[in-house]
Amino acid sequence: MHLPKNPIILIPARMSSVRLPNKPLAIINGDPMIVHVWRRAVEANLGRVVVACGEDEILKVIEKAGGEAVLTDPNEPSGSDRIFSALQTLDPSREHDAVINIQGDLPVLESSTIESAWMLLARNNVDIGTAAALITIHEERHNPSVVKAIVAWEENKPKGRALYFTRATAPSGEGPLFHHIGLYAYRREALEKFVTLPVSPLEQREKLEQLRALENGMRIDVALVDTVPFGVDTPEDLERARKLL
């Protein structure tokens, strides 16, 4: 068991958001949201951090803040495709052996959550690490916007193997449900394999990209963390983030 030695954190960001136009540049306490996310990634102290931008405006604000950014095709179909494109541009010599993908709308993400997902790659047969937290708000159990992670948890350990992800209320019966956090740590070869796979039937049905990996036999492990870093998708979310920060 050993961790990859040289990870890179990539943060995909683009301007096209229907519910919150120009979302990455929304100002929170004086700085654009994407700058806050970049700072959370830097605080994790795991390696190089780069924002994979769909537009030049995002690149400029990151560089102004002292960060590194790279332009990618704004029409990339998914965040995974965007970070893979950025990786090819940034690291053609393949020095980075792992990639951590952080969504660009998580300004209150805790660095410990990033580290928890990353540490799952210490187990050699794990292709992808991610995170989940216990659902404590009853309404979230039945909210399709809250993705549930169904996990075979290891006994007395805050981690386990992902069996499925769903927007439904699952599993059935009495017991806890877990809120999936959209943060992924990939072995480089796992990301390279993932982006070559066709969209899978369950991925298409649930609108959940990670199901493509499970349907193709890839192993995703999940770290259990204390809190869910809510994503900023609406003006109301933006106000909440401003208060929290």
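Keep in mind it's a predicted model, so treat the numbers as computed, not measured.
When the side chains of ILVMFWY residues are joined at heavy-atom separations under 4.5 Å, either directly or via intervening members, I128 and L121 end up in two distinct hydrophobic clusters. Both I220 and L211 are assigned to one and the same hydrophobic cluster, defined by single-linkage of ILVMFWY side chains at heavy-atom distances under 4.5 Å. By the criterion of side-chain heavy atoms lying less than 4.5 angstrom apart, applied directly or through intervening Ile, Leu, Val, Met, Phe, Trp or Tyr residues, L46 is not grouped with Y186; the two fall into different hydrophobic clusters. Residues L197 and L214 fall within the same hydrophobic cluster, defined by Ile, Leu, Val, Met, Phe, Trp and Tyr side chains chained together at heavy-atom separations under 4.5 Å. No continuous path of hydrophobic side-chain contacts links V228 to V147 [ILVMFWY only; heavy atoms under 4.5 Å].
With a 4.5 Å cut-off on side-chain heavy atoms, D221 and R219 count as touching. Between L224 and K159 there is no side-chain heavy-atom pair separated by less than 4.5 Å. By the 4.5 Å heavy-atom criterion applied to side chains, K148 and F178 are not counted as neighbours. Residues V151 and L163 fail the side-chain proximity criterion, which asks for heavy atoms closer than 4.5 Å. Counting heavy atoms from C-beta on, the side chains of P24 and M33 never come closer than 4.5 Å. Contact of the W153 side chain with the R161 side chain is not registered, since no non-hydrogen atoms from C-beta on lie closer than 4.5 Å.
Among all heavy-atom pairs drawn from S80 and V195, the shortest one is O-CG1, 3.9 Å. Residues L120 and G129 come closest through the heavy atom pair CD1-CA, 3.8 Å. The minimum heavy-atom distance linking A223 with S116 is given by the pair CB-O, 3.7 Å. Scanning both residues, G54 and L71, for their nearest heavy atoms gives C-CD2, 4.4 Å. Residues P12 and I83 come closest through the heavy atom pair CD-CG2, 3.8 Å. Across all non-hydrogen atoms, the minimal contact from E55 to P74 is OE2-CB, 4.0 Å.
In this structure, OG1 on T72 lies 10.0 Å from CG on N75, to the nearest 0.5 angstrom. The distance from the NE2 atom of H179 to the CD1 atom of I137 is 9.5 Å, given to the nearest 0.5 Å.
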Audit row: K64, E57, salt bridge (charged side-chain N to carboxylate O under 4.0 Å, His left out) steps and yes/no: CA-CA 11 Å; K64 183 180 178 181; E57 299 97 311; over 6 Å; no
L59 and V51: CA distance, side-chain angles, deciding distance, side chain to side chain contact (heavy atoms under 4.5 Å, CB included) verdict: CA-CA 8 Å; L59 181 139; V51 177; over 6 Å; no
Chi angles and distances behind the salt bridge (charged side-chain N to carboxylate O under 4.0 Å, His left out) call for R39, D31: CA-CA 11 Å; R39 287 174 180 157; D31 290 311; 2.9 Å; yes
Criterion side chain to side chain contact (heavy atoms under 4.5 Å, CB included) on E76 and S85, from CA distance to verdict: CA-CA 9 Å; E76 291 285 3; S85 174; 3.4 Å; yes
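At distances below 3.5 Å, at least one donor-acceptor pair connects side-chain atoms of R40 with backbone N or O atoms of H36. No donor-acceptor distance shorter than 3.5 angstrom exists from the side chain of K5 to the backbone of L3, with no hydrogens or angles considered. With hydrogens and angles disregarded, a donor-acceptor distance shorter than 3.5 Å links the side chain of R82 to the backbone of D73. Side-chain atoms of R242 come within 3.5 Å of backbone atoms of I27 as a donor-acceptor pair (strictly under, hydrogens ignored). A side-chain donor-acceptor contact under 3.5 Å links R187 to the backbone of V126. Put simply, the side chain of D91 never gets that close to the backbone of L87: no donor and acceptor are under 3.5 Å apart. Judged by distance alone, with hydrogens and angles left aside, the side-chain atoms of D97 form no donor-acceptor pair with the main-chain N or O of P4 at under 3.5 Å. Put simply, the side chain of T130 never gets that close to the backbone of V222: no donor and acceptor are under 3.5 Å apart.
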List, one per line, each side-chain donor-acceptor pair under 3.5 Å for residues 99-114, sequence neighbours excluded.
residue : atom : partner : partner atom : Å
Q103    : NE2  : G182    : O            : 3.3
D105    : OD2  : K23     : NZ           : 3.2
E110    : OE2  : T227    : OG1          : 3.4

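Among pairs with a residue in residues 125-140, none fulfils salt bridge (charged side-chain N to carboxylate O under 4.0 Å, His left out), at least two apart in sequence or across chains. Counting only residues at least two apart or in different chains, ring-ring contact (aromatic ring centres under 6.0 Å, His included) contacts with residues 73-124 are absent. For residues 162-173, the side-chain hydrogen bond (donor to acceptor under 3.5 Å, both in side chains) pairs, not counting sequence neighbours, are H142-T169, Y164-E206, T166-E206.
Heavy-atom contacts from other residues, nucleotides or ligands closer than 6.0 Å to CD of E154 number more than 12.
Under the salt bridge (Lys or Arg N to Asp or Glu O under 4.0 Å) criterion, E215 pairs with no residue, sequence neighbours left out. Residues forming a salt bridge (Lys or Arg N to Asp or Glu O under 4.0 Å) with R48 (at least two apart in sequence, or on another chain): E68.
Between R188 and E192 there is a salt bridge, since a side-chain N of the basic residue sits under 4.0 Å from a carboxylate O of the acidic one. Between E63 and K60, no side-chain nitrogen of the basic residue sits less than 4.0 Å from a carboxylate oxygen of the acidic one, so the salt-bridge criterion is not met.
Counted by atom type alone, Y184 and Q210 present one or more donor-acceptor pairs between their side chains at under 3.5 Å.
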